[in-house]
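Heads up, the thing below is written out as structure tokens.
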Amino acid sequence: MSYQLLDAMSAEVAYREEQLRKAGRDARMTKQSRVVRWLRAHRVTSVTVPAQERRTAAQVATRADHLAR
């Protein structure tokens, strides 16, 4: 087995361990704290977006127009 493959496998194992730890923390989380986390996430991230305006492109004077005059 090459060292690169061994490094890749150990990195994959570390990643999966971390994911399992996160899943375990989420599973142990109480129902009340889930609601609080959801409310915080949605209230903090709710941003009012202004209405979109329609704009037209303005003509830009090019160097050729300036030389032609």
Side-chain angles (χ1 to χ4, degrees):
M1 192 181 294
S2 71
Y3 288 113
Q4 291 176 340
L5 183 58
L6 184 61
D7 288 345
M9 287 175 59
S10 62
E12 178 72 19
V13 167
Y15 171 76
R16 289 185 186 233
E17 283 178 348
E18 181 61 29
Q19 292 300 314
L20 286 172
R21 279 193 206 101
K22 286 181 183 178
R25 281 194 301 261
D26 290 344
R28 287 189 305 269
M29 188 180 298
T30 63
K31 201 170 205 173
Q32 183 182 18
S33 59
R34 286 183 191 170
V35 171
V36 170
R37 189 172 71 174
W38 186 88
L39 285 172
R40 284 182 184 160
H42 285 79
R43 286 188 181 170
V44 170
T45 58
S46 63
V47 177
T48 56
V49 179
Q52 198 172 19
E53 299 175 3
R54 177 173 285 282
R55 297 182 286 176
T56 58
Q59 283 290 82
V60 177
T62 62
R63 187 172 178 194
D65 291 341
H66 178 67
L67 294 176
R69 290 184 189 164

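It should be emphasised that the depicted structure is a prediction, and the values quoted were computed from it without experimental measurement.
- Neither L39 nor V36 shares a network with the other; the hydrophobic side chains, linked directly or stepwise wherever heavy atoms of I, L, V, M, F, W or Y lie under 4.5 Å apart, form separate groups for each.
- Counting non-hydrogen atoms of other residues, nucleotides and ligands closer than 6.0 Å to CD of Q4 gives a total of 12 or fewer.
- Distance check, rounded to the nearest 0.5 Å: CZ of R21 to CD of Q19 gives 10.5 Å.
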